[in-house]
Asks: 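One structure is given below, represented as structure tokens, and several questions about it will come after.
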2 protein chains.
Amino acid sequence: MASMATLFLNLKTPNSSHSFPKTHKTHFTYNLNISISVLPNKQKRRNNQQLRISSGLIEPDGGKLVELFVKENQKDEKKKEAKLIPRIKLSRIDLEWVHVLSEGWASPLSGFMRESQFLQTLHFNSLRLDDGSIVNMSVPIVLAIDDSQRQRIGESTRVALVDSGDNTVAILKNIEIYKHNKEERIARTWGTTAPGLPYVDKAITNAGNWLIGGDLEVIERIKYSDGLDRFRLSPTELREEFTKRNADAVFAFQLRNPVHNGHALLMTDTRKRLLDMGYKNPVLLLHPLGGYTKADDVPLSWRMKQHEKVLEDGVLDPETTVVAIFPSPMHYAGPTEVQWHAKARINAGANFYIVGRDPAGMGHPVEKRDLYDADHGKKVLSMAPGLERLNILPFKVAAYDKTQGKMAFFDPSRPQDFIFISGTKMRTLAKNKENPPDGFMCPGGWKVLVDYYDSMVVSENGRVPDAVPV
Amino acid sequence: MASMATLFLNLKTPNSSHSFPKTHKTHFTYNLNISISVLPNKQKRRNNQQLRISSGLIEPDGGKLVELFVKENQKDEKKKEAKLIPRIKLSRIDLEWVHVLSEGWASPLSGFMRESQFLQTLHFNSLRLDDGSIVNMSVPIVLAIDDSQRQRIGESTRVALVDSGDNTVAILKNIEIYKHNKEERIARTWGTTAPGLPYVDKAITNAGNWLIGGDLEVIERIKYSDGLDRFRLSPTELREEFTKRNADAVFAFQLRNPVHNGHALLMTDTRKRLLDMGYKNPVLLLHPLGGYTKADDVPLSWRMKQHEKVLEDGVLDPETTVVAIFPSPMHYAGPTEVQWHAKARINAGANFYIVGRDPAGMGHPVEKRDLYDADHGKKVLSMAPGLERLNILPFKVAAYDKTQGKMAFFDPSRPQDFIFISGTKMRTLAKNKENPPDGFMCPGGWKVLVDYYDSMVVSENGRVPDAVPV
């Protein structure tokens, strides 16, 4: 994995001047002179000394990136305070949301949502700020508590949030407790209440009947000690990296699947299109989602191994690619969620967003059909309030071209020459140790996938499952 | 009923000059010089000659009121054209929506929604116009067709809409047909998919699997010939009336229940508050909903009789009250629907909107609780995109004050003195021919309610139903 880490740790461009992106249509009228934090080295970061410089990257939502960390010299005091106030134990997904909030991915949110933010998210997929401007916010970022927790909190205006080992993670202050109407939350977020939605089963059905909002004070950066923390770059760090690289356009590619050559073709082609538009140095943010995913998705660690091989094999150019992990958990909420995926990347400095077919979609949990219309994600994204500044790049359909023996953009004039290999088909081939057509994925990347399914077989108590039908 | 009709037909103020309302905070930047149509007399109206004058009333959404009627001299041609193109038969609710659209209540919609409008409504409760401005639009106004209708339409770019008697109502042109995902529509509109939602049972469950959008050309004004058509004033007619009356503020009261003295107190008090704010002539739009309502609501004709009595008895001042019927069908979609109720009244000239507890709410169809949090309607309305120009007036709670023997604003310092009489309790009393406390409702109005329930008993084949428990 070391080779991948070097992608962004060592690739400092010699020229540190800043180039400015093209002006894009915007429906916003910011009068602020935006600054972002640039942290010249780790020592300074630790000391919380921040050099503020102007930057050519897209402005964060609300005009400034909201980081929610406690200052270094207040940490001890906050930890002591946390011992004296009611405590709430965080689930893994709760912790992932603290991570998301703490680093400013959801800027300008300053903590778990209060009711007015929750309602705006459910009804409008956006929040109105005090100055009247609108930012996108499509998925509720909320913390549920049950009756007994609510009772324990009593009249306290703040609570301590602790991890599974009872370590203090954060303090939530100026709290507001309000009803958690799960049915309404689910219906408005997913457009269905059918049983079997993965995030609902995991994080909502058995959650408490109250939500607690407030302002977060996070003690330390969230780490998972899984060998992948070095890929978990915050929006501030990503902005630094793009600035160092002299990026004048940043295009984000959200994914939760292995990268095949069709993806790679798309990303390479996007860079070409941006160069044609006049940008001098478009940089790709290859940004796998790192939070909760459903059981049949390929786990993050294996995906990162696969992405590493794809870069080693030269399918993507390390010079113009930044690989990092997006810490959000996955909702599988289709057109609603794709807005969140895009909005968070604005905060990380991306001004172009590649949107695929059926983004954040899945099969309907009960009926035999896709849960969302495959085109709705792209359409909703293009109309979403608060995302007017972001340039949406619809995915061109790539498929395996038998005449060229490689992945190519689908040519509707000769459909007979193309084979479509879905994610399901790809996984099935790997499970069955069959090979995809040559040129579908680089061999190193494919081997990672086969190894992953091998490891699953071993972990299933030695039982070798039946081969999956293709 | 004649006395009621005279309320707005004869009460022309002698002074025809226009007064201008106070400037309200707005997030919109209209550069248009808005005109509204003023129709000096019926003859001119018939001839479609419109005098355009500037007005002090609130601007319609999108800057101008969009009426969708065919010009007088094109009617015959359009009727002939309608015979030559595929036909769609409208249900009663479909017809009510044609009514709503044709008169501009949903301005700037020019017809049944196309997919991009449908998606924006479901996800954002608002529409972005070509100039980048936002208007509120929270309930889908759509027309469903089934597979066989879709097949019959074939490649036609227009269809004729006909009523139950096969009379041509309108032509829908530049059509777009797209999927009707009922589950998603219901979940996102109602925040639940529980069986038993009245509008869903009536108009969605058995509707076709396709939606057809397009631009409406409506042949004639929609009439129902039920003796109430004269109360069905269009937004243009209401704006004329408010202008004639020299209104410098218009406050709308949406209702679908009989008016009791608590309502009247609230409306009278609102006028006082507006006078205190400096308005010279605030006019009340008492605006009962006239479209589809659920079976256990009091029917429109009885409600209109009841409202008439309330005005006859002097509970409301006819000089400053306009009574008219709002033609929309009822969704019972709580916080989502209240936005529609408010937005439509902007188009009719109202710049103040009174919002009650649990507006457009009902009991959960399955669980023993209200479907919506009683405060959410008010909160959502106050934050809704596109309604920034509207002044929201939260309902003060009125209850029966035993010490005064009349309806009064609830005084939390002496709760023991108040009796709360819910709509359910009111209906139950009337059904059982019991009297409410003196001063709850004017005697004439109460008698109408009792008569209504009497008439139901007679209509139920002579079976006298059991008295309902209070």
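Residue numbering restarts at 1 for every chain, and letters A, B, ... go by the order of the sequence lines. Atom set for the values below is all heavy atoms of this structure, side chains included, hydrogens, waters and symmetry mates excluded.
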Asks: Quick one: are B:Asn181 and B:Arg185 in side-chain contact, heavy atoms under 4.5 Å?
Replies: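 Of all side-chain heavy-atom pairs linking B:Arg185 with B:Asn181, none is under 4.5 Å.
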
Asks: Do A:Ile134 and B:Pro385 come close enough that some side-chain heavy atom pair is under 4.5 Å?
Replies: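 No; the side chains remain at least 4.5 Å from each other.
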
Asks: Rounded to the nearest 0.5 Å, how far does NZ of A:Lys379 lie from CG of A:Asp373?
Replies: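 Rounded to the nearest 0.5 Å, the CG-NZ separation comes to 6.0 Å.
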
Asks: Do the non-hydrogen side-chain atoms of B:Leu387 and B:Ile346 ever get within less than 4.5 Å of each other?
Replies: yes

Asks: Under a 4.5 Å heavy-atom cutoff, which of A:Ala187, A:Ser126, A:Ala194 has the most pairs with chain B?
Replies: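 Top option by heavy-atom pairs under 4.5 Å: A:Ala187.
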
Asks: Between A:Lys378 and A:Phe395, is any pair of side-chain heavy atoms under 4.5 Å apart?
Replies: no

Asks: Does a side-chain heavy-atom distance below 4.5 Å link A:Phe124 with B:Asn125?
Replies: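 A:Phe124 reaches B:Asn125 side chain to side chain.
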
Asks: Is there any residue in residues 110-123 of chain A with a non-hydrogen atom under 4.5 Å from a non-hydrogen atom of chain B, and which ones are they?
Replies: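 Those residues of residues 110-123 of chain A which have a heavy atom under 4.5 Å from chain B are A:Glu115, A:Ser116, A:Leu119, A:Gln120, A:His123.
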
Asks: For B:Trp210 and B:Gln149, run side chain to side chain contact (heavy atoms under 4.5 Å, CB included): C-alpha distance rounded to whole Å, both residues' side-chain angles, the deciding distance at 0.1 Å, then the answer.
Replies: CA-CA 9 Å; B:Trp210 303 95; B:Gln149 286 172 309; over 6 Å; no

Asks: Check whether A:Ser138 gets within reach of chain B through its side chain, its backbone, both or neither, counting any heavy atom under 4.5 Å.
Replies: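 Neither; nothing under 4.5 Å.
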
Asks: May I ask you to test the B:Ile392-B:Met383 pair for a side-chain heavy-atom distance under 4.5 Å?
Replies: no

Asks: Is the side chain of B:Arg256 donor-acceptor paired with the backbone N or O of B:Met330 at a distance under 3.5 Å, no angle test?
Replies: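 Checking the backbone N and O of B:Met330 against the side chain of B:Arg256, no donor-acceptor pair under 3.5 Å is found.
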
Asks: Can you tell if the side chain of A:Trp190 reaches within under 4.5 Å of the side chain of A:Tyr372, non-hydrogen atoms only?
Replies: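 In short, these two side chains touch, coming nearer than 4.5 Å.
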
Asks: Report, one line per pair, each donor and acceptor closer than 3.5 Å where one atom sits in a side chain of residues 352-369 of chain A; sequence neighbours left out.
Replies:
{"from": "A:His364", "atom 1": "ND1", "to": "A:Val366", "atom 2": "N", "distance (Å)": "3.0"}
{"from": "A:His364", "atom 1": "ND1", "to": "A:Glu367", "atom 2": "N", "distance (Å)": "2.9"}
{"from": "A:His364", "atom 1": "NE2", "to": "B:Glu183", "atom 2": "OE1", "distance (Å)": "2.9"}
{"from": "A:His364", "atom 1": "NE2", "to": "B:Glu183", "atom 2": "OE2", "distance (Å)": "3.4"}
{"from": "A:Glu367", "atom 1": "OE1", "to": "A:Arg369", "atom 2": "NE", "distance (Å)": "2.7"}
{"from": "A:Glu367", "atom 1": "OE1", "to": "A:Arg369", "atom 2": "NH2", "distance (Å)": "3.3"}
{"from": "A:Arg369", "atom 1": "NH1", "to": "A:Leu371", "atom 2": "O", "distance (Å)": "3.4"}
{"from": "A:Arg369", "atom 1": "NH2", "to": "B:Glu183", "atom 2": "OE1", "distance (Å)": "3.2"}

Asks: Hey, which residues of residues 333-342 of chain A are touching chain B, say heavy atoms under 4.5 Å apart?
Replies: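 The list, in residue order, reads A:Pro335, A:Thr336, A:Gln339.
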
Asks: CE/B:Met137 to CG/B:Leu109 distance, rounded to the nearest 0.5 angstrom?
Replies: 5.5 Å

Asks: So for atom NZ, which belongs to A:Lys294, do other residues, nucleotides or ligands contribute more than 12 heavy atoms lying within a distance under 6.0 Å?
Replies: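 More than 12 within 6.0 Å, yes.
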
Asks: Residues of residues 200-209 of chain B under 4.5 Å from chain A (heavy atom pairs)?
Replies: none

Asks: Evaluate the side-chain proximity of B:Leu216 to B:Trp97: yes if any heavy-atom separation is below 4.5 Å, no if none is.
Replies: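 They are not in contact (no side-chain heavy atoms under 4.5 Å apart), so the answer is no.
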
